[in-house]
Structure formats: C-alpha cells, structure tokens
Amino acid sequence: MLKSFKLLFNCNLVLSRSCSGYVSRMRYLMRLKEDDEACREALKSGNILLYHKLAPLLQKTNSGVYKLACLKTSDLEHILEKVGKDKHFVNESFLLGCTDKGQPQFSLEVGDLDRRALEQECQGLFVDLRRAFFMITGSESALVAKGQALLRWHQTNGFCSATGQPTIRNQSGSFRVCPSSGITYYPKMAPVVIVLVSDGSRCLLARQAMFPPGMYSALSGFCDMGESMEEALHREVAEEVGLEVENLQYSGSQHWPFPQSSFMLACHATVNPDKTQVNIDTAELEDARWFTFEEITEALQNPPRNPKEEPPVFWVPPSYAIANQLIQEWANQQQLSRK
Ligand SMILES: NC(=O)C1=CN([C@@H]2O[C@H](COP(=O)(O)OP(=O)(O)OC[C@H]3O[C@@H](n4cnc5c(N)ncnc54)[C@H](O)[C@@H]3O)[C@@H](O)[C@H]2O)C=CC1
Ligand SMILES: [Mg+2]
C-alpha cells in the first residue's frame, strides 16, 4: 500500500515537473472546480471581480483609461465590513480561471449592497457590460464577460426544473445539484451562427431596431435543435435577408454573454454578385445594406469612444465582438486583393 502510494506520489511529482505552465494551470483549475475545500482555500489568495446587478466594477488608471477592477480577497473582506456586510460573503464568489502566474480569479455579485458606497470604497465605477467592452482591453473583456455569464446562470438556475426544489451550488460554481432529484445542472451556452456575407467587393451588414443608433453588425441567429452550423447559417441568411450563400469559411468562435450566454460560431460566406438584392424580414431586422470597402475602413478606424458624444452615422461592434473580427478579416482580404 505504502509502496503504491509512494509510486503515485513520485509519478505526480514527475508529471508536475514535466508539465508546461499551461498544463499545470489547467490541472490546478480542474482541481479547484471539483474540490470544494481546495477552492475555498484558493479564494483566500485570489482576486475577485465585483458586479452590481451584473454591471462590472471598473477603475480609472493614472493615465486616464479604465481597467477591470480585480480586488484581493482580503481587501474586499475589509471593504464589505465597511459597507455593513459580513466578510464571509466573499465565499459566495464563483471561480473564473487563473492568471498566467497561477493566481485564481473569481466573480461576486453585490447587487444587494449600496452601489455608491461600494464605488467610493473601491475607487471605481459599476459600468453596463456593453459599454465596458468599449472601455477595456480584449483579454479583460473575455474575463468580465465570463464572470457576468456565470453570475447570471446561477441567478436563473436556483430551482430544479423537475422537482421545483432549490438547487445547491458547489464551491467553485461549476455546477448546481438538486438534492431531491439528484439532477446536476451545468452552465449552458446557446449556439449562435454569425456570418459576414460578401458579394466580392461589398459586405452585407444589418441592424435590429434594438441596436444603438448607427450600429450595424454581421447576420446572426440561434441554431435550431438538431441543426449543424452550416444548416443554421444557410437558413438564417435565407430567413433574414432572402439570399442563398455559398463558399462558407469558418473563422473562429467566441463566448458572448448576451442574451443568456451564446456560443458564437463565425464564418465568411459569399453570394453570386448577380443575386445581391436583399429582401429583409422586417420582424427581425430594421435594415440590411451592402457596404463598400471605403465605408467599412472608415467605420473600423472610427469606433465611438465616448458614450456621451453623438455616435458616428455608421459604426460596427467593438473590437472584442467576433462580428468586428469578421469585418476586420474581410477588410484585410479586400486590401490584399486591391494591391
Ligand atoms: N459577439 C458578436 O459579435 C455578436 C453577437 N450576437 C449575439 O447573437 C445573438 C443571436 O443573434 P440574433 O440575430 O438576435 O438571433 P436570431 O436571428 O435567432 O433572432 C433572435 C430570436 O430568436 C429566437 N430564439 C431562438 N432560440 C433562442 C435562444 N436560445 N435564446 C434566445 N432567443 C432565441 C427568439 O425569438 C429571439 O427573439 C444575439 O442575442 C447577440 O447577443 C449578435 C451579433 C454579433
Ligand atoms: Mg438574427
């Protein structure tokens, strides 16, 4: 018994020595997800992102730009006590990941506490997430989006759909379980296709009535049950603008926290340049138009910077959104083909 234990112990040592930093971090996170005690321990030396009614806390740096606020657990405990909350409230946090240096990261919803008092104590500002995407970097955006999505999922999955009984979270928040039925619920994302359609020299962008004024994006839509990505993509373009696309080219994927966590699958596609007449489904879209390379270049170079200022007449989603990536790729391709 002792011999086999020693062997196992040595194997683990060899494994951890031979593992790359990335592999070690992933193994560490895997353990935190599954081991409540280890996760509680990690929280003590972790960083926490704060959300007030799902709006993340940002802090202004000395250079005047905003960054995502990552509070040390011990500092947050102190702040909570100052605003009249028990410091053990930090244990409600959910595990998000860890930094390159192995520092665990968590998210915590503080919507029941006084927003102004917290902003003052933390020297920050709770900002609507869509607005925050224009204010922080890409890697911060991915983390803050994940944090919000996880909080929202837990807020809306507090009861078992089979028994109606309350579900209980594990310490990391990687699942909830109904003690009555034994059903385990895991956080979910809905698959969504997004496609930038080109006729060779122009690209097709559309807007929904709910978009902010002037913003146009690539065509998108939720996958139906049983559909492949390709089928969903052909169907969505046909439904929304009455066109048949060909030459699908996969570009990439992204988690998107709205409306309830989407898994975005992004592609390029083309239409026959002789068949570009759009026929809009007005129940879904307010407008859909073909944009030239010059219009796209101008929009990419002039994103709206200050939400208080009048936005440009035509603009595209922020650089973090995968729609922006598709538009960038198309513009780069056009530039190359024009040389
Ligand atoms: N990250 C990015 O660059 C972009 C992300 N998106 C996201 O993609 C999502 C889907 O795009 P839409 O064009 O609005 O989809 P859509 O064209 O399928 O229309 C939305 C409608 O689909 C129905 N629907 C079907 N399954 C649904 C589900 N699982 N959840 C919610 N509604 C469902 C509802 O009636 C809803 O009103 C948007 O909510 C948006 O957040 C959209 C464009 C760019
Ligand atoms: Mg759509």
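When a ligand or atom number is given, it counts from 1 through the structure's own listing order. Atom set for the values below is all heavy atoms of this structure, side chains included, hydrogens, waters and symmetry mates excluded.
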Considering only heavy atoms of Phe258, which atoms of ligand 1 have at least one such atom less than 4.0 Å away?
41 (O)
May I ask you to decide whether Asp224 forms a salt bridge with Arg235, counting only side-chain N to carboxylate O separations under 4.0 Å?
yes
For Gln208, the atoms of ligand 1 under 4.0 Å from one of its heavy atoms are 12 (P), 13 (O), 14 (O)
Is Pro259 close enough to touch ligand 1? Criterion: a residue heavy atom under 4.0 Å from a ligand atom.
yes
Give the ring-plane orientation class for Tyr216 versus Phe291, where under 30° counts as parallel, over 60° as perpendicular and anything between as tilted.
perpendicular
Please compare Glu284, Gln325, Lys188 and report which has the shortest non-hydrogen distance to atom 19 (O) of ligand 1.
Glu284
Compute both the distance and the angle, then confirm whether Arg130 meets the cation-pi test with Phe258: under 6.0 Å from the six-membered ring centre, within 45 degrees of the axis.
yes
Please classify the Asn324 to ligand 1 contact at 4.0 Å (heavy-atom distances, strictly less than): side chain, backbone, both or neither.
neither
Protein contact for atom 32 (N) of ligand 1 (heavy atom, distance under 4.0 Å)
yes
Ligand-residue contact atoms, ligand 1 with Val192, heavy atoms, under 4.0 Å:
8 (O), 10 (C)
For Phe175, is there any backbone N or O sitting under 3.5 Å from a side-chain donor or acceptor partner on Asn170?
yes
Just go through Trp256, Phe263, Phe211, Phe222 and tell me whose heavy atom is the nearest to atom 20 (C) of ligand 1.
Phe222
So which N/O/S atom does Glu240 have closest to the Mg ion (ligand 2)?
OE2
When you check the gap from the basic side-chain N to the acidic O, do Glu41 and Lys44 get nearer than 4.0 Å?
yes
Is the number of heavy atoms from other residues, nucleotides or ligands within 6.0 Å of NE2 (His255) greater than 12?
yes
So, the side chain of Gln165 versus the backbone of Cys160: is there a donor-acceptor pair under 3.5 Å, distance only?
no
Does CD belonging to Gln123 count more than 12 external heavy atoms closer than 6.0 Å?
no
Please work out whether any backbone atom (N, CA, C, O) or any side-chain heavy atom from C-beta onward of Ser217 is under 4.0 Å from ligand 1, and answer side chain, backbone, both or neither.
side chain
So if I count the atoms of ligand 1 from 1 in the order they appear, which ones are less than 4.0 Å from some heavy atom of Glu236?
17 (O), 18 (O)
Give me the one residue out of Glu109, Arg176, Arg169 that meets side chain to side chain donor-acceptor pair (under 3.5 Å) with His154.
Arg176
protein heavy-atom neighbour closest to atom 16 (P) of ligand 1 works out as Gly221 CA, 3.6 Å
Report yes or no: does Ser220 have an N/O/S atom closer than 2.8 Å to the Mg ion (ligand 2)?
yes
Distance below 4.0 Å between atom 39 (O) of ligand 1 and any protein heavy atom?
yes
Provide, to 0.1 Å, the distance between atom 11 (O) of ligand 1 and the closest protein heavy atom, together with that atom's residue and name.
Ser220 OG, 3.1 Å
Residue, atom name and distance, where the atom is the protein heavy atom closest to atom 44 (C) of ligand 1:
Ile194 CD1, 3.4 Å
Ion pair check, Arg207 and Glu286, cut-off under 4.0 Å
yes
For Glu240, take its heavy atoms, then give the atoms of ligand 1 lying under 4.0 Å from any of them.
17 (O)
Contact (N/O only, under 3.5 Å) between Ala323 and ligand 1:
yes
The atoms of ligand 1 lying under 4.0 Å from a heavy atom of Gln254, numbered in the order shown, are 1 (N)
Contact partition for Gln260 relative to ligand 1, non-hydrogen atoms under 4.0 Å:
neither
Taking both backbone and side-chain atoms of Ala190, is any N or O found less than 3.5 Å from an N or O belonging to ligand 1?
no
Decide whether Gln325 and Ser251 meet the rule of one side-chain donor and one side-chain acceptor closer than 3.5 Å.
yes
Mind running side chain to side chain contact (heavy atoms under 4.5 Å, CB included) on Leu49 and Tyr51 for me, showing each step along the way?
CA-CA 7 Å; Leu49 312 189; Tyr51 294 78; 3.8 Å; yes
Tell me the protein heavy atom at minimum distance from atom 6 (N) of ligand 1, and give that distance in Å.
Met264 CE, 3.6 Å
Distance only, no hydrogens: is a donor on one side chain within 3.5 Å (strictly under) of an acceptor on the other, for Tyr320 and Thr137?
no
